[in-house]
Undergrad: 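Have a look at this one.
This is a predicted model, so every value here is computed, not measured.
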Amino acid sequence: SSAASDVYKRQQYDASAALVAGRLAQLRLALRTTGDQEEARRLRRRIAELRPMLEQCRRLTQLTARYYDRSFCGYGEYRI
């Protein structure tokens, strides 16, 4: 059913967000403990790349959770 599919999609976005958040936590810990400037630069760049991905996963989770709510129009680039 469509509702089951939506629940599955929401769970997938939730799972993806959790993975990205976990990776960001690992990268931040590595950044705090590294003494190598080049490594710190690479870590900061990767953190900057992953932040938008986490935000997108979170927004898509919210969007799919409220897809059938008629009062909900979406977020910015995500319109329903």
Undergrad: Quick check on salt bridge (charged side-chain N to carboxylate O under 4.0 Å, His left out): which of Arg58, Arg59, Arg51 does Glu55 satisfy it with?
TA: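 Result for salt bridge (charged side-chain N to carboxylate O under 4.0 Å, His left out) with Glu55: Arg59.
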Undergrad: Going only through I, L, V, M, F, W and Y residues with side-chain contacts under 4.5 Å, is there a path from Leu24 to Leu43?
TA: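 Looking at the clustering, Leu43 is in the same group as Leu24.
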Undergrad: Same cluster for Met53 and Leu31 if Ile/Leu/Val/Met/Phe/Trp/Tyr side chains link at under 4.5 Å?
TA: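 Both belong to a single hydrophobic cluster.
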Undergrad: Are the side chain of Thr34 and the backbone of Ala30 linked by a donor-acceptor contact shorter than 3.5 Å?
TA: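 No; judged by distance alone, with no hydrogens or angles, the pair does not exist.
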Undergrad: Show every side chain to side chain donor-acceptor pair (under 3.5 Å) that has at least one partner inside residues 18-31, sequence neighbours left out.
TA: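 Sorted result for residues 18-31: Arg23-Gln26.
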Undergrad: Rounded to the nearest 0.5 Å, what separation is found between the CG atom of Leu60 and the CG atom of Asp14?
TA: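 Output value for this atom pair is 11.0 Å.
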Undergrad: The criterion is side chain to side chain contact (heavy atoms under 4.5 Å, CB included); which residues satisfy it with Glu38, sequence neighbours excluded?
TA: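 Asp36, Arg41, Arg42.
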Undergrad: Out of curiosity, Gln56 CD to Thr61 OG1, how far, rounded to the nearest 0.5 Å?
TA: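 Atom-to-atom, Gln56:CD and Thr61:OG1 are 10.5 Å apart.
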